[in-house]
Amino acid sequence: QVQLVESGGGLVQAGGSLRLSCAASGRTFSSSVMGWFRQAPGKEREFVAGISRSGGSTYYADSVKGRFTISSDNAKNTVYLQMNRLKPEDTAVYYCALSNRLGVPAHRADFASWGQGTQVTVSS
């Protein structure tokens, strides 16, 4: 059983920055990747970024490459998403998730544990 708690969301203007945090607790030892997803109203939940829990390699959706950075602090069991140069289209609820799948999971079905989400709103 894993618990994930996101924080750091809020309202920012276009071009601004936010840093999201996700604190993990429980039995996370079997997970391979921690990722961030987002979901806007009426849209499917989409992959944003992932990070390997062992090697630390990262990967991103094309829509956020160069603007977002995922990182982790294993000592704190925490993953972060630094979001820069935010755009109105980044507005969504952002979710932290854990996967135990091989490779580079980037689909909702590949992730078994989810946080409650944190709202990010970017004004134009």
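Fair warning: this is a prediction, and the values are worked out from it, not measured in the lab.
- Counting all heavy atoms, side chain and backbone alike, Ser113 lies closest to Val2 at OG-CB, 3.7 Å.
- Within 6.0 Å of CD in Glu89 there are more than 12 heavy atoms belonging to other residues, nucleotides or ligands.
- For Arg108 and Phe37, the positive end is not near the middle of the six-membered ring at less than 6.0 Å and at most 45° from its axis.
- With hydrophobic clusters built from ILVMFWY side chains whose heavy atoms lie under 4.5 angstrom apart, Val12 shares a cluster with Trp36.
- Under the 3.5 Å distance criterion, the side-chain polar atoms of Glu6 are matched with a main-chain donor or acceptor of Gly117.
- Under a 3.5 Å cut-off, the side chain of Tyr95 and the backbone N or O of Gly35 do not form any donor-acceptor pair.
- The distance from the CG atom of Asp110 to the OG atom of Ser32 is 9.0 Å, given to the nearest 0.5 Å.
- Using a 4.5 Å heavy-atom cutoff, the side chains of Ile70 and Met34 are not in contact.
- Between the CG atom in Leu86 and the CG atom in Leu18 there is a gap of 5.5 Å [rounded to 0.5 Å].
- Note on Tyr60 and Val33: separate hydrophobic clusters, where clusters join Ile, Leu, Val, Met, Phe, Trp and Tyr whose side-chain heavy atoms are under 4.5 Å apart, directly or indirectly.
- Using a 4.5 Å heavy-atom cutoff, the side chains of Thr91 and Gln119 are in contact.
- Rounding to the nearest 0.5 Å places CG of Leu81 at 7.5 Å from OH of Tyr94.
- Hydrophobic cluster membership differs between Tyr80 and Phe47, with clusters built from Ile, Leu, Val, Met, Phe, Trp and Tyr side chains linked at under 4.5 angstrom.
- No side-chain donor-acceptor contact under 3.5 Å links Gln82 to the backbone of Thr69.
- With rounding to the nearest 0.5 Å, the separation of CG in Asp90 from OG1 in Thr121 is 11.0 Å.
- Side-chain atoms of Arg67 come within 3.5 Å of backbone atoms of Arg85 as a donor-acceptor pair (strictly under, hydrogens ignored).
- The closest side-chain heavy-atom distance from Val64 to Arg38 is below 4.5 Å.
- Atoms CZ and CZ, from Phe111 and Arg45 in turn, are 11.5 Å apart once rounded to the nearest 0.5 Å.
- Looking at every heavy atom in both residues, Ser17 comes nearest to Asn84 through OG-OD1, 2.9 Å.
- Atom CD of Gln3 and atom CD of Gln116 lie 8.5 Å apart (nearest 0.5 Å).
- Residue Cys96 comes nearest to Val79 through the heavy atom pair SG-CG1, 3.8 Å, listed as atom of the first residue, atom of the second, then distance.
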